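Lettering follows sequence order; numbering is per chain, from 1. Treat the numbers as computed from the prediction; the structure is a model and nothing was measured.
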Number of protein chains: 2
Amino acid sequence: SGRGLFAAGFRRGDIVLNTFSYHLTPGGFILDSGARAIGCVVIPAGPGNTEQQLEVIEHLRPTAYAGTPDFLKILLDAAEQKGRNAGSIRKAVVSGAAFPPSLQAEIKRRGVDAYQIYATADLGCIAYESPAREGLIVNEDVLLEIVRPGTGEPVPDGEVGEIVVTSFDHDHPWIRLALGDLSAIMPGTSPCGRTNVRIRGWLGRADQTTKVKGMFVRPEQLAEIGKRHPEVGRLRLVVTREGEADAMALLAECAQPSDALAQRLAESLRAVTKLGGRVELVAPSSLPNDGKVIEDRRALT
Amino acid sequence: SGRGLFAAGFRRGDIVLNTFSYHLTPGGFILDSGARAIGCVVIPAGPGNTEQQLEVIEHLRPTAYAGTPDFLKILLDAAEQKGRNAGSIRKAVVSGAAFPPSLQAEIKRRGVDAYQIYATADLGCIAYESPAREGLIVNEDVLLEIVRPGTGEPVPDGEVGEIVVTSFDHDHPWIRLALGDLSAIMPGTSPCGRTNVRIRGWLGRADQTTKVKGMFVRPEQLAEIGKRHPEVGRLRLVVTREGEADAMALLAECAQPSDALAQRLAESLRAVTKLGGRVELVAPSSLPNDGKVIEDRRALT
């Protein structure tokens, strides 16, 4: 994760308060080794123990923070409330949770320049923000693809899909590991000068498996239907409640709609899912670009 | 700490559940690096999260445990109560808390062969048990002395005193670091074949500073009195309550008692502590061998 930390302004001599856990998760170690690789000193702090962390911050005066955005806010709030000095922390790398613009603004107002990194337990840092703050730049160590959920097929650039990564680490290679997270490739390159592919931030979870009338319906099943009908484009299964029962509608993009095609799709839907449903043929590119192949519109409460 | 782990039966290929914390303390890292140095695989588990630890134990089947003796008992108890299998753990290194014979017997009964190591945050492993189970063998990396508390003066072998260690680590040397713990050198060498000096286990804390009539009285002050009177041997200040007031008695070992000597000692006692007290001259070697120079007999409740 050294490259991501460097992009966030971490430099040799920085003292990093690493609040990612070292216990039963690689999170702490990923940031620890990355920070030390670029010459930082690391305080292995782990999460929690706010009081003790404030002691450590005052005594060791870390210049940088690594951890969740939420815990950074907890620390800064606690310091403010208790009149403790946490002002040594001026930069941060945050990960592991949403970092909405409202929280970004608040952290910024407290004098901390925080950047997101997107990392996973298996591969470490996948992508990272740079001062350009335009999307996340993919790390040089990984090949990243965006695929249609439930398949291994890459979507066109810009379309939302599931993140799939490949790493040629000799000790621990990963070939096309699907991460279950949604994102999309951004066009062009970053104004900061880094040239690698960029992705939008985290756009939700890819796993859209749901239950309809007590039966599992999976993205893989939609992919199977698509394979049987090469004349249709993207598919989207919309699940609703009608009266007091579950109902499904299969929306299919196609250039030349016909009743016969709709009929064949309905048959495939039943064959693959063991469930009946309506079929609607829609114009190409008319379905929303949100990575969803199953949209569950049922109110859960 | 690799040598101590090896003495406890840890070997290449062992999977070690390391429940010492990695957060804001070097404990976890000391055991982690030691275990990896001798070829073990380490699960950085940290303390707590008993439920999750039982999951990890069943899935990864660690063969060895490192942590406090108390947490080992908590894990084994929880496994028994919940019908979980923790039987893969057959050896253990315990530290950081008392390991009384009753707990040793119980851990043994559960099929775990547990050995103590004596380690500190600053120096790592100082001494360790071996299968001989006769005291703790001093680690080869450190010079260990037992000194009279409040002084830097070594006591004769066998006498209880404060542990002082010296390490010639080039990156982080420690010269005569007083650890605040009491122990004593054991005579002879271990039947296990290791030849280094042995110490008895932990015999309490060396810091005996107390308050008498609202004034601090410190072991260093007793050492100062001893220095002024080379004709006396060991000193022991006994603090009691008489009526409703604090009282002190200075017990001094000497071969040739005299009223004049007692008088001079009483004057030194007042000069050094700003407090008056009785003086009793006692026979050489008649004071208890417990490392105490200040004995506080006041009931604290």
Check the surroundings of atom [atom1] in [X]: do more than 12 heavy atoms from other residues, nucleotides or ligands lie under 6.0 Å from it?
X: B:Phe99; atom1: CZ; result: yes
X: A:Phe71; atom1: CZ; result: yes
X: A:Arg90; atom1: CZ; result: no

So, the part of A:Ser21 with a heavy atom under 4.5 Å from chain B: the answer is both
Would you please classify the geometry between the A:Tyr22 ring and the B:Tyr22 ring as parallel, tilted or perpendicular, with 30° and 60° separating the classes?
parallel
Mutual orientation of the aromatic rings belonging to B:His23 and A:His23 [parallel < 30°, tilted 30-60°, perpendicular > 60°]:
parallel
Between B:Gly28, B:Gly46, B:Gly48, the one whose heavy-atom pairs under 4.5 Å with chain A are most numerous:
B:Gly46
Could you measure the distance from the CG atom of A:Leu60 to the CG atom of B:Leu24? Nearest 0.5 Å is fine.
9.0 Å
